[in-house]
Amino acid sequence: MSLRPINKVLIANRGEIARRIMRTCREMGIHTVAVYSDADHKELFVREADEAVPIGGPRPGESYLRGDTIVEAARVSGADAVHPGYGFLSENAPFAQACQDAGLVFIGPKPETIALLGSKIEAKERMRMAEVPLLASVRVEKQNSAQLVRELEPLGWPVVIKASAGGGGRGMRIVSQAAELGDLVELARSEAQAAFGDPALFIEPYLSGSRHVEVQIVGDEHGNVAHLFERECSIQRRHQKIIEESPSPALTTESRRALLEAAVRAARSVGYVNAGTVEFLFAPDGKFYFLEVNTRLQVEHPVTECVTGLDLVRLQIGIARGEPLPDAVHAIQSQGHAIEARLYAEDPVEDYRSSAGRLHTFSMECMSGLRVDSAVASGSLVSPYYDPMLAKVIIHAPTREEAARRLAQALARARIHGLRTNRDLLVGVLSHAEFLAGRTDTDFLTRNDVATLAKPVADAAAERLHAAAAVLFAQAERRRKAEVLPHIPSGWRNNPSQMQSVQLATRGTEIKVEYQFERGGLNIQIDREPLAQASCEVIDSNSIRLRVAGVERTYHVMHVENTFYVDSPLGASEFVELPRFPVPGQQLTAGSLVAPLPGVVHEVRVAPGDSVAAGDVLLVLDSMKVFHRITAPHAGQVADVRVAAGAQVDQGALLVVIDVGEGKTSGASRA
């Protein structure tokens, strides 16, 4: 059997998945080539590749969606194969064909298979012929809103808009009534274009209370097709998965057998080659319906790797060479339980507002069965141009309950400083009684209050101890830098004197810490309440050992400018030290609308002098591939517009000023 040689792989992607593909390539003795945008030139995946080629500007359309540029990068680097990862061009049939036309091995399905399954309506027709259960759907083409509403009436409301060219929640919107349809279709179309380079949409019924269950399939060029069991991905925000697991707690032996057989039947019906995922909606009544086939590696593939012991990227490369599926695939068994949590740079309590900027610290404790696939490390700069996922944290354990509890502990004990993340939300979900009982569905984060789930692990009592640790650590830090008597505590006097006082702010509240080192001990008070039997010992430049009421704990402290990040077994806290003598700052003009998060201005819909009504969309901000509508809370007149389409803005940047008349002005809000 003559195999296609694969000696150097160009990875047409970025971040976490690029690093993950490189890891397998290194293990196989295959050289790697990274491609990178202007925004990514200092990223880890670029430095870790054997070679790297720049491909254009920071926006995906200027770089990672430029198939011609990527094929040229493969040519100049001497790569003989291309791995597309997921997202971007991974499900783009013309790109796969261009790779083949250039003599490159495309590590994925055949271009004609990608094209067939990329048209979701045509894919559903093929699945109907294969007797795979389906939901009805409507393609969004050139209908006006009224025509589209008429076509959707047989489906019933609510419905869900989906992007034809990709997944990951991009270009996806739930529509509860006809009046909302037009605006949401336009938003979904813009997101789909930005994320996948293709604005095509389709619409199908939205089944509340359903689960999202998918089957990993693999096929080779010799006609062999096999499943690698299922994954459940029901915990979603904005229709994007945040927690995935295998096996699904919802399936019985019979329903699992039927689901796996349907997935293999679907793959065989199109002659599927390489790795892919057949996605299903598992309804509350126990019926399942085909959703789509993702013709690529999935973000959540590590949970399958954990329970099967297989390396899916290695399998992909072997299939692309022309090898038959190995015997291990045909003898596959699922062992234990694996759960993956996606760690995002976003604030769930603030409507999942994305966060970009410097990640000062990213560190997780070593733990048996723990795997971390990350895009970042301590010191990384998180860009506003791309998906906000920082890392995937995966645990493999003998049982589901143990996996959930251990993953929650790993996340709670992680040291993540500098950006808001969804870490507390993930811990809250993994610890929730419904989740532990296996009662998960796609409405979980709608049914349960996100603010309650995302409540910080560190409670009020822990925060008091963290505040004490921060202040005492800062005191020790100052003494280490002191040029005179560095071993004497700050504020020390031969005779008793007043206590040292520090004011900290956290989560909208202030904490006053007062302390005094006395002969033989430490007197410390938090908001006038003393900590009993307190003493401390500095361990190193990043941690302090604090004893209170006979209990000792180690507190890790990072001090960046006027901010303290504190981690301990009690959770994590962030404090800002308030100035002792505050200087009044400049204030924005009344009525100023500022950017709620960093991003790129996608569209400006108003100009100075325009009259606006409450709820009117003033502009659209693109942050990490999600479009945010900036709306007017009151009627008024646009006094000033400070940005233009294409402008990159930081959080807090002035966008628009609205005058509501009679000398009054008003701000605006994000829808």
(request) Would you name the heavy atoms of Gly209 and Asp441 that are closest together and state the gap between them? (result) O-CB, 3.6 Å
(message) Check this for me: does any side-chain nitrogen of one of Glu292 and Lys162 sit under 4.0 Å from a carboxylate oxygen of the other?
(response) no
(request) Using a strict cut-off of less than 4.0 Å between a Lys/Arg side-chain nitrogen and an Asp/Glu carboxylate oxygen, indicate whether Lys124 and Glu204 qualify as a salt bridge. (result) yes
(request) Could you grab the distance from atom CZ of Phe575 to atom OG1 of Thr506, nearest 0.5 Å is fine? (result) 5.5 Å
(message) Counting only heavy atoms from other residues, nucleotides and ligands, does the tally under 6.0 Å from CD of Glu153 exceed 12?
(response) yes
(request) Calculate, to the nearest 0.5 Å, the distance between atoms CD1 and CG belonging to Ile235 and Leu430 respectively. (result) 9.0 Å
(request) Considering only NZ, NE, NH1 and NH2 on the basic side and carboxylate oxygens on the acidic side, decide whether Arg507 and Glu463 come within less than 4.0 Å. (result) yes
(message) On a heavy-atom basis, which atom in Ala262 and which in Phe280 lie closest, and how many Å separate them?
(response) CB-CZ, 4.2 Å
(request) Measure across Ala469 and Val566 and return the closest heavy-atom pair with its distance rounded to 0.1 Å. (result) CB-CG1, 4.5 Å
(message) Please evaluate residues Glu186 and Arg189 with respect to the criterion salt bridge (Lys or Arg N to Asp or Glu O under 4.0 Å), reporting the C-alpha separation (whole Å), side-chain torsions for both, the decisive distance (0.1 Å), and the verdict.
(response) CA-CA 5 Å; Glu186 289 307 311; Arg189 183 179 282 123; 2.6 Å; yes
(request) Report yes if some heavy atom in the side chain of Ser380 is under 4.5 Å from a heavy atom in the side chain of Phe362; otherwise report no. (result) no
(request) Show your reasoning for whether side chain to side chain contact (heavy atoms under 4.5 Å, CB included) applies to Met367 and Gln409. (result) CA-CA 10 Å; Met367 180 185 294; Gln409 184 183 61; 3.7 Å; yes
(message) Between Thr277 (side chain only) and Glu279 (backbone N and O only), is there a donor and an acceptor less than 3.5 Å apart?
(response) no
(request) Run the salt-bridge test on Arg371 and Glu340 with the 4.0 Å N-O cut-off and return the result as yes or no. (result) no
(message) Could you check whether any side-chain N or O of Ser255 sits under 3.5 Å from a backbone N or O of Leu251, counting only pairs where one atom can act as donor and the other as acceptor?
(response) no
(message) Just verifying a value: how many Å separate Ile630 CD1 and Asp616 CG, rounded to the nearest 0.5 Å?
(response) 13.5 Å
(request) Mind listing the closest non-hydrogen atom pair of Val160 and Met172 along with its distance? (result) CG2-CE, 3.7 Å
(message) Below 30° counts as parallel, above 60° as perpendicular, anything between as tilted: where do the rings of Tyr565 and His417 land?
(response) parallel
(message) Please check if the number of heavy atoms outside Arg420 that lie under 6.0 Å from its CZ is greater than 12.
(response) no
(message) Could you tell me if the side chain of Thr440 sits less than 4.5 Å from the side chain of Arg211, heavy atoms only?
(response) yes
(message) Taking Lys392 first and then Glu300, would you say they form a salt bridge - that is, a charged N and a carboxylate O separated by under 4.0 Å?
(response) no
(request) Show your reasoning for whether side chain to side chain contact (heavy atoms under 4.5 Å, CB included) applies to Ile203 and Val175. (result) CA-CA 10 Å; Ile203 301 175; Val175 186; over 6 Å; no
(request) May I ask you to check whether His432 and Phe444 place their ring centres under 6.0 Å from each other? (result) yes
(message) Once rounded to the nearest 0.5 Å, what's the spacing between atom CZ of Phe564 and atom OG of Ser573?
(response) 13.0 Å
(message) Taking the side chain as everything from C-beta on, heavy atoms only, tell me whether Lys241 gets closer than 4.5 Å to Val299.
(response) no
(request) Consider only side-chain N and O atoms of Gln298 and Arg296, and report whether a donor and an acceptor are under 3.5 Å apart. (result) yes
(message) To the nearest 0.5 Å, what is the distance between OG on Ser145 and CG on Asp183?
(response) 9.5 Å
(request) Taking only Lys NZ, Arg NE, NH1 and NH2, and the carboxylate oxygens of Asp or Glu, determine whether Arg342 and Glu16 approach each other closer than 4.0 Å. (result) no
(message) When you measure from the side chain of Arg423 to the backbone of Leu411, do you find a donor-acceptor pair of N or O atoms at a distance under 3.5 Å?
(response) yes
(message) Taking the side chain as everything from C-beta on, heavy atoms only, tell me whether Asp373 gets closer than 4.5 Å to Pro302.
(response) yes
(request) May I ask you to test the Asp567-Arg413 pair for a side-chain heavy-atom distance under 4.5 Å? (result) no
(request) Report yes if some heavy atom in the side chain of Val132 is under 4.5 Å from a heavy atom in the side chain of Val278; otherwise report no. (result) no
(request) Determine yes or no for a side-chain-to-main-chain donor-acceptor pair under 3.5 angstrom, with Asn422 supplying the side chain and Tyr344 the backbone. (result) yes
(request) Check whether any side-chain N or O of Gln177 sits under 3.5 Å from a backbone N or O of Trp157 as a donor-acceptor pair, and report yes or no. (result) no
(message) Between Arg405 and Glu402, does any NZ, NE, NH1 or NH2 come within less than 4.0 Å of an OD or OE carboxylate oxygen?
(response) no
(request) Test Arg237 against Glu346 for salt bridge (Lys or Arg N to Asp or Glu O under 4.0 Å), laying out the working first. (result) CA-CA 11 Å; Arg237 64 97 173 97; Glu346 64 184 18; 2.8 Å; yes
(request) Find out whether Ser208 and Asp443 are in side-chain contact, i.e. whether some heavy atom of one side chain is under 4.5 Å from a heavy atom of the other. (result) yes
(request) Examine the side chains of Ser234 and Glu232 and answer whether a donor and an acceptor come within less than 3.5 Å of each other. (result) yes
(request) Take Val457 and Asp424, measure what side chain to side chain contact (heavy atoms under 4.5 Å, CB included) needs, and give me the verdict at the end. (result) CA-CA 7 Å; Val457 175; Asp424 290 328; 3.7 Å; yes
(request) Measure across Arg358 and Leu419 and return the closest heavy-atom pair with its distance rounded to 0.1 Å. (result) O-CG, 3.8 Å
(message) Is the shortest side-chain heavy-atom distance between Arg406 and Ser368 below 4.5 Å?
(response) yes
(message) Check whether Ser246 reaches the backbone of Ala338 with its side chain - one donor and one acceptor, N or O, closer than 3.5 Å.
(response) no
(message) The test is side chain to side chain contact (heavy atoms under 4.5 Å, CB included); show your working for Ile416 and Leu343 and say whether it passes.
(response) CA-CA 10 Å; Ile416 308 167; Leu343 185 67; 3.6 Å; yes
(request) To the nearest 0.5 Å, tell me how far Leu445 CG sits from Ile242 CD1. (result) 5.0 Å
(request) Give the minimum heavy-atom separation between Gln333 and Phe229, together with the two atoms involved. (result) C-CE1, 3.7 Å
